[in-house]
Structure formats: C-alpha cells, structure tokens
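Report on one structure; see the data block that follows.
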Amino acid sequence: MMLEIKDLKVGFQNEVGPATDVVHGISFSLGKGETLGIVGESGSGKSVLSLATIGLLPKTAKATGEILFNGEDILTMSERELCKLRGSRIGMIFQEPMTALNPAMKVGSQIAEALRLHSNISRADANAEALRLLEMVKIPDAKRKMHSYPHEMSGGQRQRVGIAIALSLKPDLLIADEPTTALDVTVQAEILDILDDLVTELGIALILISHDLGVIARIADRTLVMYRGNEMEQGETERVLRQPSHDYTRKLLSALPRRARAGLDVMAPTTLGDSV
Amino acid sequence: MKRLPWSLIVGGTITAILIFAAIVSQFWTPVDPTAINIGNRLKGPGEGGILGSDHFGRDELSMIMAGAWVSLGIAFSAIAVGGLIGTVLGVVAASERGPFEALIMRVNDVLFAFPPVLSAILLAAILGGGPVTTIVAIALFMIPVFARVTRSAALQIWARDYILAARMSGKSSARITLEHVIPNIAAQIIVQIAIQTGLGILTEAGLSFLGLGIAPPTPSWGRMLADAQTYLTIAPHLVFVPGIAICTAVLGLNLLGDGLRDLTDPRRRQST
Amino acid sequence: MRHIAQSLVGLIITLLVVSFVIFLVMEAVPGDPAEIILGMSAAPDTLAALRSQLGLDQPFLVRYSNWLIGLLQGDLGDSYTYSTSVSQLIGERLEVTLPLTGLAALLSVLISVPLGVLAAARPNGLVDMFASLFSQIGIAVPNFWVGLLLILGVALTFGWFPAGGFPGWDAGFWSALNALILPSIALAIPQAAVLTRVTRAAVIEVTNEDFVRTARAKGATPSHALWRHIVPNAMIPIVTMLGMQISVLIAGAVLVENVFTLPGMGTLAYQALAQRDLIVIQNVVLFFAAIVMGINFLVDALYTVLDPRLRVRR
C-alpha cells in the first residue's frame, strides 16, 4: 500500500484545560492510482485528517497513530524530510482558490517556484514547464496568464492554477480538500473533470474530500464517511451509496436534492455525475 | 472570573501611583518644589533628598511629584479637547458619509501634517510658550488621531444588521449614533485615551524641554532634563530621575491601554 | 495610475490649504517685521520704506499669492536676522536634517523589520520576549532623553563619537557622518520600537493566510515561506506605519538637534522663533509640513508597487 493510516487521532491543545479531540481513530489505506472520497459535514475532522497526512497540522495539534507513506511514518518525520516530501511526493489542493494563492506573486512564478524548490532546474526551464502545466489544466491564453496576478483571474482559473501547482512534480498522492466547494456550479464539473482526467493519466492516487456526496460519487473508487471525527462506514463508493450500512450515510443521501438522488440510484458510477 | 491581563494590572498600578502622586503634590511634597537651597546644590540621591537635588538645591522628588501634576494636567486637557473634537468629527463623518466625510478627512490630513512640535512653534510665535500653547498644539494633533479611530470603528458598527433594523424603524441617524454607535465604540475610545495620554506626556516633555512649555519656576519633567544638560557629568542623576519618571509614566499608560484592549477584545490577544 | 493621479491632486490641494493656514497664522503674530529688522528706534519713514520694499503694505491676498509665486520660483525672501536668503538658509540646514532623519529611518527599519519578523516566527519565544520588551520600553522613552543618555554613556565615556556639534560635510565625509551617528540612534530607537510592534503583528496576521499553507504544501521550508511569501505581503502595514512615523521623526529631529547642538532645520526653526524671524518660521514650517505630506503621498504610491491588487489596469 502506498498510504496506510492506522488509528489516527488528532487533538488540539487548548489554552487551558484538556485537549479537544477532533479525529478519533481513523484507519484506511490507499493504493497507487486509487481514488478515495472522504465525505462528511463541516467539523467532521476531514480537513484535519488531510492536513495531518501532509504533515501541516498547526503547532497546537497533537497526532497519534501512524500515517505510513510508502512505509515511512509521516508523524515521526523531521521538518526537513517533510519539506522534501511535500510538493514532490504529496501534493495538495485547497478549498479557497481566492485566498490560496499569494496575491503579490505572478501565477507563473508560483508554479515555477514549486518546481524550483525540489530540483535544480534553471529559471527558464521552470518557466517553460510552468507554461506547459498551465496548458495542461486548460487555462486559455496560458502564455499571457503566466504574468497575471491571482486577482486578475476567475475562481475556476485560480483553482486550475492550484491543481497545476499540486501536480507540477507528479506526486504519488494528491489530496484535494473541497476543491470545488467555493466555485460556481457550472465550473465545479469542469474542475472535477480536469482533476479526474489528470489523476488517471498520471497514475496518481487521490484523496478527495467533500461534504457533497454528488462530487464524491462522480470520481471516487472508495468512500469513507466521517462524522464528528469518527468513521461511520467505508467501502466501494457504489456500495456505500446504494446500500448504506449506517444511518448517517442514509441521512447524507436523503439530504441530496431528489433528482440527484434519483441519478445515484439508477445510474452506473461512471455516469453518476451527469444529473448532478 | 476571568483572569485580568497582567498588562492591565501593571499599567493600572503605575497609572494609579502617577495620578496619586500628582494629586498629593498639590497638598504636600517632601520639600517645597520651588524652594531654592544653594547649600544643597547638585547633591546625589540620598544626600540631598531621596532622589537628590538640582543646581538650585531644589528637591528632585518634590519636583517630580509636582511635574506629574503638570504633565498629566496638560496631557489630559489636550486629550479632552482634541479627543472630544476628533471623536465628534469621526462619528459624524461615519453617519453622514458623502462630501462632509471627505471634507473631514481632508481637514485631518492637514492637521496630520503638523506634528505638535511644529504647531507649538507656530503658536508660540503668536502666544509665546506656556500651557495654553502646549495644550492646543497637542490637541490639534489628537483631533485627526481620534477622528480616524472613531470613524473606522463607527463605520463597522454602521454596517451591522441591527443598525439597519433601527433605521427601518425610523430612528434618525443622530439618535442611532447616540444609542447604538457610541456605546459600541466606547471601549475603543477609552483604549485610545490611555495610549494617547502617554503620547501627550511624551510630547509635553519634549515641548517643555525646548522651553515652550509651562513657565519656570513651576517644575516640569521636560525642563528638568533641559537643565540637566549643563551638569551632565557632574550630576548624572539629574538626567536619570526625570527621564525614568517620563518613561515609567508612558509605559504605565501604554500597558494600561494594551490591557484594556485585551480585556475588551480577547480575539486581539491571540493575533497580536 | 488613476489612483496616483488622484492622490497627487489631493496632495496639491492640501498643500495649498496648509500654506494658507500658515500664512493666516503668521498674520496673527504680533509685531511688525520692519521693526524686527531695523529695531525699535528706527525712524517712521525708514520703516515705511522697508515695509513697501518687503511688500508688506499690500493687501493680504496679494502678499499670499506673492509668497506662493516665490515658492514656485524657489525664492522664499530674505531672512530678517540672518543676512542670507531663506532658501539658502534652508538648503544649508537640510544638509544636516536630511541625512539625520534618513539615517534614523534606515536604522529603525534595519532594527525593527528583522526583529519583528523573527519575533513573529516564534511567538512567545526568546526573540519575541526581547522584542516586546524592546518595543514597550522603546515607545515610552523620549528620544531627547535617549540622546542625553548616549552623550553620557557613549560620547563622554568612550569618546567614540562627538557629544555634539557638526563639523560640516567640508570637514570630510566620515567626521561629518560620525557626528550624526548618536543623534540618529536617539531618533531611531523610539521609531524602531513602534515599527517592531507593527511588523510583528503584520507578519503574524499574514502567517495565518491560506496562501502560506499552499506554499508549505509545495514543499517550502518555514524560512522560505517566511521571507518569500509572508514578509512581502506584510510590507503594507509596515510601510504605512513608516510613512506615518515620518512626521514623528521630523518633530523628533527638532528635539534631537537641540540636544546635540546640530545646525539643522529644527534648530533653525527654534532659533527663528527666539529671534522672531517670522519669514524663516513661516517657510520652515511649510517645508516640514510639505515633507510630511510628500512622504505620505509616496507611501500611497508605493502601495501599488507592493500590492498588485491595487494596480488599476489600463
């Protein structure tokens, strides 16, 4: 297994009093090229889980258990080892494309920076590669957009830049934390398609985190349902959606708009998203 | 009971001692602060009074106490005048908006271009030095300071939903300002008063150092330092004593301001 | 660009208002310049002749516009007490005040930015505790007192730097600079204290922004993220405070020049007041106010360089 998480618990140290636990023992594993969807409402601990996986928990957080990435435990790695790992082996896409990019830096430089942090390539080569990546995520007029600042782009375009940054070094694992939540509905599908295509094409394992079952259903092979830091159930996406074994999953399903739910019930997983 | 911020306790204590010393000096000081005693001249701390004596043999401690009265008196008067005008301008600018607000902000820019020392020099050309010049010069600078703070604080209140509700119910903007805006920004104004009083003490010291402050023989901290310049090597305590007095007073008021801010806005404590 | 043009217009209007206020105030000053120049015992007709020579017999607005026209041509009139023109006087004094305030501003930035950034990098760490001690005390000390302490503790004890006076730039660059070291330190310390506080707060605030997390997720080390991503985005509040503090620096220069007996603009204003050299006061005060406003304008323009979001395109 490329990623194996065993009994992960995360708590936050309070200013006074005992720590607040937000993740209570989550376990899962993920092989090369697989896609795992993690679904749950806000506050379920799914974002904390993803930050722990990339080793970016805030200093006040305390994590126990194991996060084995290619056999090595991320929780015991030094900051230097983590810096080497982040970006090159594990990439991450964040929820808010509006704030996730440095407002004072040109988009092209932000992509090139990711490349230059991990290899000794020249500035010119990095820029050429950044341009290729922008084209890969289908940004129109990429050459000109290289010199744009984030505020000059739309939300969807910025999220594409985020994807380009995360995929720039072809990591083994990509974590996408609510990548479409902040976007217009029409843009959401495009972003998901790009993400799905690239992950398949490059053979990258993906953890897709969302509160939206429709999004998960669209691309996840397996699904983990979380509620208040606990695992409710885990399994093949199709099975979880068709025959939920836990009440909470049923509640999530019934919270979907009726037409979307109908789509989930009758259609095969590959076409599920069309009616969303 | 929530624990009080330590800065509030320390700052409050220093400020209380300062105010107490200033008030007491009006009834009692160890020695008359203006009494000249040539036999006692330039004595160090311990030999000529607890904090020593100056070139006229005057008691330093008594002069510091009396100086506290002057310092605080001038700083408070300047804040009272400048703070009041500034607050009114800021609150009205926030409620009226439009050209009136633009005009006030422009006036602020003009006032802001005159640091107190400059306006004091200009005023001293007309009025001569003295407490009035000092107070007006400091107050003129306080106007834009308070106007900016209250305007931005009031604008935030005006953007709230309950203001909208009050407007829908037909309340005039003057009434909304009095009933909703001012009570909600009062804490921020009080914090400013504490901090700006510290700044006022610093400025008063500077102006009386230049000889633009209150006239001798009334003691003032700034002039004590100006006098000390001549005896720098013979009597260094004359430099230390008033300097430490100014520093402690300002430190106390700043800590008090910080403490009050922490108390009224706990979110700030974490971020700054 | 439109933003800059707008604030330039604002600057000019404010400058006009300021000059008018100063002129109005000087009008209220008791005493007759002709009498100040010639002395109390001068004959009435000599006084009248001088008055008309100085243009003092003309109406208020004419004199005001004459002053403005003179300002534009660099002709500020002649000093009543020094036997030179005001513009030459100001020029000479600027040779002291500009390097002094410039050095102080530079010094305060060099102290405060690294200190504030390092303090913010580890809140409640050792550097942070030192930084907050430094800024609390630094804000509370009067700069002229720091000057006195430096004279006492450095100049008179070790003799490394002069305790006062200025040899002039003709005496050689280094000896002139040497005379400005202690005064600029005195001027810089309270300034640095304020800036340290602002820097720390700004850096901490930016540290919590999402894009810093993005940078870390790319594999940026904490220090790379700090200097390449956080600090550039924290520059706006720092520069704003620096701009606002320029007026404090200039006011402080008046005091510090006094302590170190430096022949700068502050001393000039102060002496002109003592000698009732009204025309010097009037021009020096305008000059100071213009510098304050000019700096604020520059800061405003600098925003657009620091924050691309403020650049209005086309």
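Computed from a predicted model, the values in this text were never measured in an experiment.
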| Structural part of C/V17 lying under 4.5 Å from a heavy atom of chain B | side chain
| note | One option among B/V117, B/L210, B/L232, B/V250 has the most heavy-atom pairs under 4.5 Å with chain C, and it is B/L210
| field | side-chain hydrogen bond (donor to acceptor under 3.5 Å, both in side chains) evaluation trace for C/Q136 with B/D258 | value | CA-CA 10 Å; C/Q136 280 291 3; B/D258 286 355; 2.9 Å; yes
| query | Looking at C/F134, does the NZ or CZ of C/R197 lie under 6.0 angstrom from its six-membered ring centre and within 45 degrees of the ring axis? | reply | no
| request: Side chain from CB out, backbone as N, CA, C, O: work out which of these in C/L255 comes under 4.5 Å of a heavy atom of chain B, or both, or neither. | output: both
| Option in B/D109, B/N254, B/V110 with maximal non-hydrogen atom pairs under 4.5 Å from chain C | B/V110
| request: Could you have a look at B/L199, B/T233, B/L202 and say which one has the most heavy-atom pairs with chain C under 4.5 angstrom? | output: B/L202
| Just wondering, do B/I214 and B/T134 contact through their side chains at under 4.5 Å, heavy atoms? | no
| message | Out of B/P116, B/S7, B/A205, return the one with the most heavy atom pairs under 4.5 angstrom to chain C. | response | B/A205
| field | Largest heavy-atom contact set with chain B, pairs under 4.5 Å, which of C/T14, C/L149, C/V292 | value | C/T14
| query | So what's closer than 4.5 Å to chain C heavy atoms on B/L111: side chain, backbone, both or neither? | reply | neither
| message | Can you confirm if the aromatic rings of B/F141 and B/F114 lie within a centre distance of less than 6.0 Å? | response | no
| query | If you count heavy-atom pairs under 4.5 Å between each of B/G222, B/A226, B/G243 and chain C, which one has the most? | reply | B/G243
| said: For B/Q156, I'd like to know if atom CD has over 12 heavy atoms of other residues, nucleotides or ligands within 6.0 Å. | reply: no
| Side-chain heavy atoms of B/R223 within contact of B/F209, under 4.5 Å | no
| Under a 4.5 Å cut-off applied to non-hydrogen side-chain atoms, are B/D227 and B/L238 in contact? | no
| said: Within the structure provided, determine whether B/R261 and B/I195 are in side-chain contact (heavy-atom separation under 4.5 Å). | reply: yes
| request: Sort C/V284 into side chain, backbone, both or neither according to what part of it lies under 4.5 angstrom from a heavy atom of chain B. | output: neither
| note | Cut-off 4.5 Å, heavy atoms of chain B, and the answer for C/I139 is both
| message | Under a 4.5 Å cutoff for heavy-atom pairs, which residue among C/I250, C/T207, C/V259, C/L278 has the most contacts with chain B? | response | C/V259
